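One structure below.
This structure is a prediction, so every number in the text was calculated from the model and none was measured. Start at 1 and go down the list; that is how both ligands and their atoms are numbered.
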Amino acid sequence: MDCLFCKIIAGEIPSTKVYEDDNMFAFKDINPQAPVHILVIPKEHICCVDAINESNSAVVAKIFEKIPMIAKEAGITNGYRVISNCGDDACQSVKHLHFHILGGAQLSEKMA
Ligand code: 5GP
Ligand code: ZN
């Protein structure tokens, strides 16, 4: 499958890993939008939030169980934002489910 994030998980494309386990991979965004900008992705290829269902949602729960630890280890102390862009109107550019963790500074009140 020609998926950028599957290639990052496989190590075929280099990334700055911040966390990995059997279910997920977390790495620094190549074009950070905040002092801390991490992407957390399931190892299973799921295209987007729209494709989450009963049979694959367990990994999403596991990702959210780890996000507080990932944020803390990244040095975030005063809050953070978790975003998942889904589809064209949301400007999803990589079609492999990912959760952005943004923090390390006061973020905009605007979300769109
Ligand atoms: P989206 O726009 O789909 O919500 O987010 C995709 C994110 O992936 C963007 O923030 C973009 O900077 C990041 N990204 C794209 N290509 C690469 C890459 O090769 N390596 C890393 N680390 N991040 C990438
Ligand atoms: Zn993929």
Side-chain angles (χ1 to χ4, degrees):
M1 188 186 300
D2 192 24
C3 170
L4 175 67
F5 285 176
C6 282
K7 288 177 181 169
I8 284 179
I9 292 164
E12 293 166 13
I13 291 173
S15 68
T16 305
K17 180 171 76 172
V18 298
Y19 178 76
E20 180 178 15
D21 65 22
D22 288 346
N23 301 294
M24 71 196 78
F25 192 87
F27 56 105
K28 292 185 180 177
D29 195 293
I30 203 167
N31 182 26
Q33 306 290 315
V36 177
H37 188 168
I38 292 168
L39 301 172
V40 191
I41 63 179
K43 287 191 170 175
E44 174 187 357
H45 181 89
I46 300 169
C47 75
C48 55
V49 169
D50 219 31
I52 297 171
N53 57 42
E54 274 187 11
S55 66
N56 64 21
S57 62
V59 70
V60 178
K62 289 181 186 302
I63 285 172
F64 274 81
E65 286 169 17
K66 294 295 181 189
I67 282 175
M69 180 273 291
I70 292 168
K72 192 175 178 188
E73 298 260 309
I76 294 175
T77 57
N78 200 37
Y80 54 92
R81 183 169 289 156
V82 180
I83 295 173
S84 190
N85 295 318
C86 177
D88 291 341
D89 277 3
C91 303
Q92 182 183 5
S93 60
V94 181
K95 308 299 192 217
H96 182 127
L97 179 65
H98 52 282
F99 297 95
H100 299 255
I101 302 174
L102 296 156
Q106 178 66 58
L107 304 176
S108 166
E109 285 185 7
K110 293 186 179 176
M111 283 199 282

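Polar contact check, H100 against ligand 1: a nitrogen or oxygen pair lies under 3.5 Å apart. Polar contact with ligand 1: present for S93 (N/O pair, distance under 3.5 Å). Polar contact with ligand 1: present for V94 (N/O pair, distance under 3.5 Å). Checking only distances, F5 never comes within under 3.5 Å of ligand 1, N or O to N or O.
Among protein heavy atoms, the minimum distance from atom 22 (N) of ligand 1 is reached at K28 O, 2.9 Å. The protein atom (non-hydrogen) at minimum distance from atom 7 (C) of ligand 1 is D29 OD2, 3.4 Å. Protein heavy atom nearest atom 1 (P) of ligand 1, with residue, atom name and distance: H98 NE2, 3.1 Å.
Heavy-atom contacts of Q92 reach the following atoms of ligand 1: 3 (O) (cutoff under 4.0 Å). Ligand-side atoms of ligand 1 in range of C91: 2 (O), range being under 4.0 angstrom from any heavy atom. Ligand-side atoms of ligand 1 in range of N31: 12 (O), range being under 4.0 angstrom from any heavy atom.
When the heavy atoms of I30, N85, I41 are ranked by distance to atom 18 (C) of ligand 1, first place goes to I30.
At a cut-off of 2.8 Å, C47 does not coordinate the Zn ion (ligand 2) through any N, O or S atom.
Heavy-atom minimum distance, N23 versus K62: ND2-CD, 3.3 Å. Contact detail for L97 and V49: the closest heavy-atom pair is CD1-N, 3.5 Å.
Under a 4.0 angstrom heavy-atom cut-off, S15 registers as lying outside contact with ligand 1. Every heavy atom of I83 sits 4.0 Å or more from the atoms of ligand 1.
Judged purely by atom type and a 3.5 angstrom limit, H37 has no side-chain atom pairing as donor or acceptor with the backbone of I30. Side-chain atoms of N85 never come within 3.5 Å of backbone atoms of H100 as a donor-acceptor pair (strictly under, hydrogens ignored). Looking only at distances, no side-chain donor or acceptor of K43 sits under 3.5 Å from a matching main-chain atom of E20.
Proximity of L4 to ligand 1, defined as any heavy-atom pair under 4.0 Å, is confined to the side chain (atoms from C-beta onward).
A 4.5 Å side-chain heavy-atom check between Y80 and L107 finds every atom pair outside the cut-off. For the pair V36 and K28, the minimum side-chain heavy-atom distance is 4.5 Å or more. Looking at K66 and Y19, their side chains come closer than 4.5 Å, going by heavy atoms from C-beta outward.
Taking the N/O/S atoms of H96 in turn, the shortest distance to the Zn ion (ligand 2) belongs to ND1. Between the Zn ion (ligand 2) and the N, O or S atoms of H45, the shortest distance is to ND1.
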| message | D50 vs C86, test: side-chain contact (heavy atoms from CB on, under 4.5 Å). Steps then yes/no. | response | CA-CA 7 Å; D50 219 31; C86 177; 3.7 Å; yes

| request: Could you please spell out the steps behind the ring pair (Phe, Tyr, Trp, His ring centres under 6.0 Å) verdict for F5 and F25? | output: CA-CA 9 Å; F5 285 176; F25 192 87; 9.6 Å; no

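In this structure, SG of C3 and SG of C6 enclose an angle of 120° at the Zn ion (ligand 2), rounded to 10°.
Screening residues 95-111 for salt bridge (Lys or Arg N to Asp or Glu O under 4.0 Å) gives D88-K95 as the qualifying pairs, with residues at least two apart or on separate chains.
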